[in-house]
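Convention: sequence-line order gives letters A, B, ...; per-chain numbering from 1.
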Amino acid sequence: MSTRSGQAQRPNGSTQGKICQFKLVLLGESAVGKSSLVLRFVKGQFHEYQESTIGAAFLTQTICLDDTTVKFEIWDTAGQERYHSLAPMYYRGAQAAIVVYDITNQDTFGRAKTWVKELQRQASPTIVIALAGNKQDLANKRMVEFEEAQTYAEENGLLFMETSAKTAMNVNDIFQAIAKKLPKNEQTAGQGSSGQGRRLAENDTGAKAAGNCCK
Amino acid sequence: MEKSKYSNVDEYGFERASNFNFEMHDKFMSQYIRTLTRRSQRWSTLTGNKYKKSNTLKRFVRKGIPVDHRLSCWMSVSGALELKNKSKVSYFDLKKKLTNRHVLESIEIDLPRTFPDNIFFTNHEYLPSHLYNVLAAFAHQNTDVGYCQGLNYIAGLLLLATKDEEGSFWLLKCLIDKILPQYYIITMSGLLTDLDVLDELIRVMEPAISRHIHKVGMPWAMGITKWFVCIYSEVLPTETVLRIWDCLFYEGSKILFRVAITLIRLHKQQILETNELGDLIACFRNMKNHDHVIDCHQFMKDVFSMSGNLSNSKIDKLRLKYQK
């Protein structure tokens, strides 16, 4: 993706200033569609029966936002409650999280709230959290009202969208909204290798690129 | 390349991946068929109490149990048969008492998500219902574990390998209750312990790899959880997994570490060449495509020659040290 020059080349030849890399973690109850959202976002695919994630999966996707290239390192976790003990290893150092629930299942909304609380307490204080009400294509079986979730999200300072990994509704948009909200400067950097707005490693974009990134 | 004479579905009903190495597989099978014939003849000479544990049987098992002996041999050497014979309740009675709605729902959700690419699960009515029965009966008689995701893959492969629902139940019970550590209970404490044990083993045996993995920033949980929780099903080629299970049922859970160390050592160069987390994780995920891993016969030789001197007592000591 990157060039060896200090700035990434766009196809039309114009140059692009910043390349920022962010760690994003997906959390939420089992079978709400976490892996499906990632699969839709990264590969544009959807499987009706997505295999259950054991442990965690990892994918990356890059999007362009104005003059910035944002690379997401996506950590997709197992949803079943007992895998909870592994979760802190995955959200440690994350700059963004998508907490997913299934709009046809009230319990999964309750579980999403628990995840939000845990992130607010345990994760990085500057973490950007988005709430995704997935399976919007099944709105006729809705058990969680849009307004209820929206009010909750506003009260807690969360981004909120209803999404459908199946129809692709709002999938790119939610990642885009997160990218917009993430700080793309070095002032907030820190916290070791997985800290805020991490610049790409020197061997990835070249030493000069590192100097230009995220300023 | 000449078209492979093997189907794009393996003998257990799994679709082979689009990047499946047919050339390597054909080469391996042309040799392995001879091995299978020789093995079958050798096992047919076993008489009397065929599966009584002995040095000869242990050697035989390490070289692979023939398909038609697998169910009986696993049942016998693992202790599952003893569990079954001593149990006051039969499997058929257990199946009749399924009351926990919450547990049953989580199992139902996972049924179509278990091996969705396996033709025996997608094209047949009976296999998903057998899987449901085994998991539901297990969850109800072991309430400390109930249903843990990952068990669906183990029970699923037990069913594919043995084609016997009742046997699969007792083998699953034996694995969870007797052979494997406490991976599946609500805290998954046994898993957290074993991740630390592996961390120490690699630190001592392969310090460069250990340093590199920490430097790149991959938690062991990321690369290894599925290996241990699914005992390599859904991780390695099916035939290789079954050969690992042959030894697991006979020799116990230390085989999980031997396999992990062997996989890591076989990929030492590739691991050290990665710079980014994504590449490192991809390297772990692609280990199933290594020539020595597809060639299950070679792989098991590697497992017993490359993983060092790993005794049960050494593993026990380490597990005690990292107990949660």
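A:R40 contributes a side-chain N or O that, together with a main-chain N or O of A:G44, makes up a donor-acceptor pair within less than 3.5 Å. A side-chain donor-acceptor contact under 3.5 Å links A:K184 to the backbone of A:L182. A donor-acceptor distance shorter than 3.5 angstrom exists from the side chain of B:H140 to the backbone of B:T99, with no hydrogens or angles considered.
The pair B:K324-B:D196 meets the salt-bridge criterion, with a side-chain N (NZ, NE, NH1 or NH2) lying under 4.0 Å from an Asp/Glu carboxylate O. Ion pairing between a basic and an acidic side chain is recognised when a charged N comes within 4.0 Å of a carboxylate O; B:R113 and A:E48 show no such pairing. A salt bridge between B:E200 and B:K321 is present, with a side-chain N of the basic residue lying under 4.0 Å from a carboxylate O of the acidic one.
Taking 4.5 Å as the limit, every side-chain heavy atom of B:W220 sits out of range of all side-chain heavy atoms of A:M89. Counting heavy atoms from C-beta on, the side chains of A:I63 and A:F41 come closer than 4.5 Å. With a 4.5 Å cut-off on side-chain heavy atoms, B:L242 and B:L157 count as touching.
Interface with chain B: from residues 28-39 of chain A, residues A:S30, A:A31 qualify, criterion being any non-hydrogen pair under 4.5 Å. Near-neighbour residues of residues 49-57 of chain A relative to chain B, defined by a heavy atom under 4.5 Å from a heavy atom of that chain, comprise A:Y49, A:Q50, A:E51, A:S52, A:T53, A:I54, A:G55, A:A56, A:A57. For a heavy-atom cut-off of 4.5 Å, chain B lies close to no residue in residues 166-180 of chain A. Contacts of residues 104-123 of chain A with chain B at a heavy-atom distance below 4.5 Å are absent; not one residue qualifies.
Ring orientation note: the planes of B:H267 and B:H290 are nearly perpendicular, at an angle over 60° on the 30°/60° scale.
Checked against B:L127 for a side-chain contact (heavy atoms from CB on, under 4.5 Å), the options B:F115, B:Y132, B:F121 give a single hit: B:F121.
Residue contact with chain A, scored on non-hydrogen atoms closer than 4.5 Å, is absent for B:V235. The contact between B:Y153 and chain A is made entirely by side chain atoms (from C-beta outward), counting heavy-atom distances below 4.5 Å. Residue B:P219 touches chain A through its side chain alone, counting heavy-atom pairs closer than 4.5 Å. For B:C148, the parts lying near chain A are the backbone and the side chain together; criterion is any non-hydrogen pair under 4.5 Å. Looking at B:L195, only its side chain comes within 4.5 Å of chain A, counting heavy atoms on both sides. For A:Y90, the part sitting under 4.5 Å from any heavy atom of chain B is the side chain, from C-beta outward, and nothing else. Only the side chain of B:I109 comes within contact range of chain A, judged by heavy atoms closer than 4.5 Å.
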Stepwise side-chain hydrogen bond (donor to acceptor under 3.5 Å, both in side chains) check, B:D279 with B:T274 = CA-CA 6 Å; B:D279 297 336; B:T274 59; over 6 Å; no
So B:R16 and B:V9, side chain to side chain contact (heavy atoms under 4.5 Å, CB included) or not? Walk me through it.
-> CA-CA 6 Å; B:R16 302 194 202 274; B:V9 176; over 6 Å; no
Under the side-chain hydrogen bond (donor to acceptor under 3.5 Å, both in side chains) rule, what do B:K173 and B:Q141 come out as? Steps first, then yes or no, please.
-> CA-CA 9 Å; B:K173 182 170 165 58; B:Q141 56 79 53; 2.8 Å; yes
Please report the C-alpha distance between B:F284 and B:W227 in whole Å, then the side-chain angles of each, then the deciding distance to 0.1 Å, and finally whether the ring pair (Phe, Tyr, Trp, His ring centres under 6.0 Å) criterion is met.
-> CA-CA 10 Å; B:F284 270 73; B:W227 292 11; 5.7 Å; yes
Could you walk me through whether B:K288 and B:E234 pass the salt bridge (Lys or Arg N to Asp or Glu O under 4.0 Å) check?
-> CA-CA 10 Å; B:K288 58 173 179 254; B:E234 269 282 287; over 6 Å; no
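For the atom pair CD1 (B:I255) and CZ (B:F249), the distance works out to 12.5 Å, reported to the nearest 0.5 Å.
Other residues, nucleotides and ligands contribute more than 12 heavy atoms inside 6.0 Å of the CD atom of B:E273.
Among all heavy-atom pairs drawn from B:I271 and B:I264, the shortest one is CD1-O, 3.8 Å.
Between B:D194 and B:Y322, the side chains place no donor N or O within less than 3.5 Å of an acceptor N or O (distance only, hydrogens not considered).
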